Student: 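Here it is: the structure, laid out below.
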Amino acid sequence: MPNLIDIAQRFAEQPAVALLHEERCLMERDLHASCTRCADVCPVDAIVVGMERGEAVAPAADYGSVTKDGPAGPRIDDETCVRCGRCVTACPTGALLAVAPLDDDTLLDAAACAGAAASARAAASGAGEARADADGGAAAVARAAEASAVAGFACEQAVRAGRIDAERTVTLPCLAWVDEALIVHMACAGAQRIALLTAPCAACEHAAAVADLPSMAHEAQRILDTWGFACEAYTVDTIEDVAASEDEEAAGEVSRRGLFAQARSALVDAATDAAAAQVEALAGKRAADAPPPEPDRRRWQLLDDLHAAGLPADDATVPRTLAPRVDIDVERCSGCALCAEFCPTQALRKVGKVRGGRTLLEFDAALCRDCATCTDTCRYEAVSRSETLTVRELFALDPHEILIPKRRVLPSRR
């Protein structure tokens, strides 16, 4: 039996960052795929995807986060990994599933708590201003609310550099963990302004991990604007907006200790469960199968938040970050349906044959990650993806039906 104390200690010092959902990994599904997005965005080259012909396969023990002993898929070196989270948020199919203490549920809960704290502070501040200025009460409330309803995300370096309000700020190893789902969830909890504190990023040796942060914040703002949220998401290089006052708890080493305390507790629990499973195995008992990991946790929460907020009255076009429209040009289509067979999320799927030998496909926009597998698979450039999907189509109960021709041979247009 392994030393459980050693296992728990290693987990606390170097917690794994993610697990691999193999059915979604493009390299796992197709050895000829060229997706290396997770490795491309890693700022410390901790990820290996695939292998060169003739290269020896790295032992699985060397890659604790994604244990691989085959020739495809990503392997993460836990010794080198800095837990920036960029591989998780960059994966085009959501194949990398974050684990505790940075799992999706924990981060979503933290974002909601920070948003609610900002909202409560704004209400209290507005009420105080109104009492202090009875003549201009309404204006005072508006000014106080705008100044106070700020929540944010900060990295550990930013937290150590200044007094940041612990209740209104989510502290992360790196801002690369933040995506549109966390920002919208924070807005739904009541935050009217959401600050991404980038003060340390310019001097950080891992700054490449947050290179896409401004564009992500822009896409989050497009979603908020489409749904009519009175909220602004922005990057800022000072802590002023979420600074703690003298009578407020400041984030800092407490947050850092809390993060690793969660990690230590989670791994000790995992080690205890492993020990119990081994004891049951020795006693001849069959351990129950562990529940499969849940992909797209953040995405489903994002869609739930937007649906709960109410659909825009004008049936607006949704930003492509949420989902594109997928169309098939039947004049170019050969009827092979490989686009549906290779779709890693089953957003595009084959239903069956209809009269005349044609094939019926379904497109479920809520499942689409805009990973480009369908367009890359098509030899005839018959599949297209565009930012023309409407809000009502995104939330439609029935998927969009697409009829493609009977299987035929077409001259290559490539």
Side-chain angles (χ1 to χ4, degrees), residues 8 10-21 64-66 76 78 81-91 94-118 151-159 164-191 194-197 209-210 216 220 242 249 251-273 290-305:
R10 183 179 184 276
F11 178 86
E13 294 176 354
Q14 293 177 320
V17 66
L19 300 175
L20 182 67
H21 191 285
S65 293
V66 178
I76 302 177
D78 280 337
C81 177
V82 293
R83 278 75 188 164
C84 71
R86 186 63 185 114
C87 57
V88 175
T89 55
C91 179
L96 288 174
L97 308 180
V99 297
L102 293 164
D103 56 286
D104 291 343
D105 282 327
T106 298
L107 297 190
L108 286 166
D109 288 345
C113 289
F153 297 91
C155 69
E156 294 178 4
Q157 291 189 47
V159 168
I164 294 178
D165 186 346
E167 289 189 344
R168 294 185 293 133
T169 308
V170 178
T171 304
L172 300 163
C174 176
L175 290 183
W177 282 101
V178 184
D179 68 353
E180 296 86 355
L182 292 182
I183 290 176
V184 171
H185 199 54
M186 185 176 279
C188 287
I194 299 174
L196 304 173
L197 306 185
V210 292
M216 185 280 298
V242 290
E249 179 185 357
E253 288 304 311
V254 173
S255 296
R256 183 176 176 83
R257 288 198 301 271
L259 174 68
F260 284 99
Q262 291 180 54
R264 185 177 297 106
S265 175
L267 272 223
V268 169
D269 289 346
T272 303
D273 292 343
E294 179 186 357
D296 282 345
R297 174 67 184 89
R298 291 199 205 185
R299 176 171 176 80
W300 289 123
Q301 185 61 62
L302 173 59
L303 295 177
D304 286 346
D305 286 340

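No experiment lies behind these values; they were computed from the predicted model shown. The basis for the numbers below is simple: all heavy atoms, side chains too, and nothing from hydrogens, waters or symmetry mates.
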Student: Looking at every heavy atom in both Cys155 and Leu175, which two are closest together, and how far apart are they?
Tutor: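 Between these two residues, the closest heavy atoms are N-CD2, 4.1 Å.
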Student: With rounding to the nearest 0.5 Å, note down the distance linking CG in Asp296 to NE2 in His21.
Tutor: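 Those atoms lie 9.0 Å apart.
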Student: Which pair of non-hydrogen atoms, one from Leu107 and one from Leu102, has the smallest distance, and what is that distance?
Tutor: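 What the structure gives for the nearest pair is CD1-O, 3.7 Å.
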Student: Return the set of residues passing side-chain contact (heavy atoms from CB on, under 4.5 Å) with Cys174 (not counting sequence neighbours), or none when no residue passes.
Tutor: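 Applying side-chain contact (heavy atoms from CB on, under 4.5 Å) to Cys174 gives Cys84, Ala176, Ala209, Val210.
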Student: Would you give the length of the straight line joining atom CD of Gln157 to atom CG of Leu197, rounded to the nearest 0.5 angstrom?
Tutor: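 Between atom CD of Gln157 and atom CG of Leu197 there are 12.5 Å.
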Student: Could you tell me which non-hydrogen atom of Ala18 sits nearest to which non-hydrogen atom of Val88, and how far apart they are?
Tutor: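 Result for this residue pair: CB-CG2, 4.0 Å.
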Student: Could you grab the distance from atom CG of Asp104 to atom CH2 of Trp300, nearest 0.5 Å is fine?
Tutor: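 CH2 of Trp300 is found 14.0 Å from CG of Asp104.
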Student: Quick check: do Leu108 and Arg297 have side-chain heavy atoms less than 4.5 Å from each other?
Tutor: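 Answer yes - side chains close enough.
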Student: So Asp78 and Arg83, do their side chains get closer than 4.5 Å, heavy atoms only?
Tutor: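 Arg83 vs Asp78: side chains touch.
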Student: Taking the side chain as everything from C-beta on, heavy atoms only, tell me whether Met216 gets closer than 4.5 Å to Ile183.
Tutor: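 Met216 vs Ile183: side chains touch.
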Student: Who passes salt bridge (charged side-chain N to carboxylate O under 4.0 Å, His left out) against Asp179, sequence neighbours left out?
Tutor: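 By the salt bridge (charged side-chain N to carboxylate O under 4.0 Å, His left out) rule, Asp179 matches Arg298.
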Student: Under the side-chain contact (heavy atoms from CB on, under 4.5 Å) rule, what do Thr171 and Glu156 come out as? Steps first, then yes or no, please.
Tutor: CA-CA 6 Å; Thr171 304; Glu156 294 178 4; 4.2 Å; yes
Student: Quick one, Leu20 and Leu96 - any side-chain contact, counting heavy atoms below 4.5 Å?
Tutor: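 A side-chain contact under 4.5 Å exists here.
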Student: What's the verdict on side-chain contact (heavy atoms from CB on, under 4.5 Å) for Met186 and Val170, showing C-alpha distance, side-chain angles and the deciding distance?
Tutor: CA-CA 10 Å; Met186 185 176 279; Val170 178; 3.9 Å; yes
Student: For Asp165, is there any backbone N or O sitting under 3.5 Å from a side-chain donor or acceptor partner on Thr169?
Tutor: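 Yes, because the side chain of Thr169 sits within donor-acceptor range (under 3.5 Å) of the backbone of Asp165.
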Student: Would you check if Pro173 and Val82 make a side-chain contact, meaning some heavy-atom pair closer than 4.5 Å?
Tutor: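 Not touching, per the 4.5 Å side-chain cut-off.
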Student: Can you tell if the side chain of Trp177 reaches within under 4.5 Å of the side chain of Leu182, non-hydrogen atoms only?
Tutor: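 In short, these two side chains do not touch, never coming nearer than 4.5 Å.
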Student: Write down the atom of Leu97, the atom of Pro295, and the distance for their closest heavy-atom approach.
Tutor: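 Looking at all heavy atoms of both residues, the closest pair is CD2-CA, 3.7 Å.
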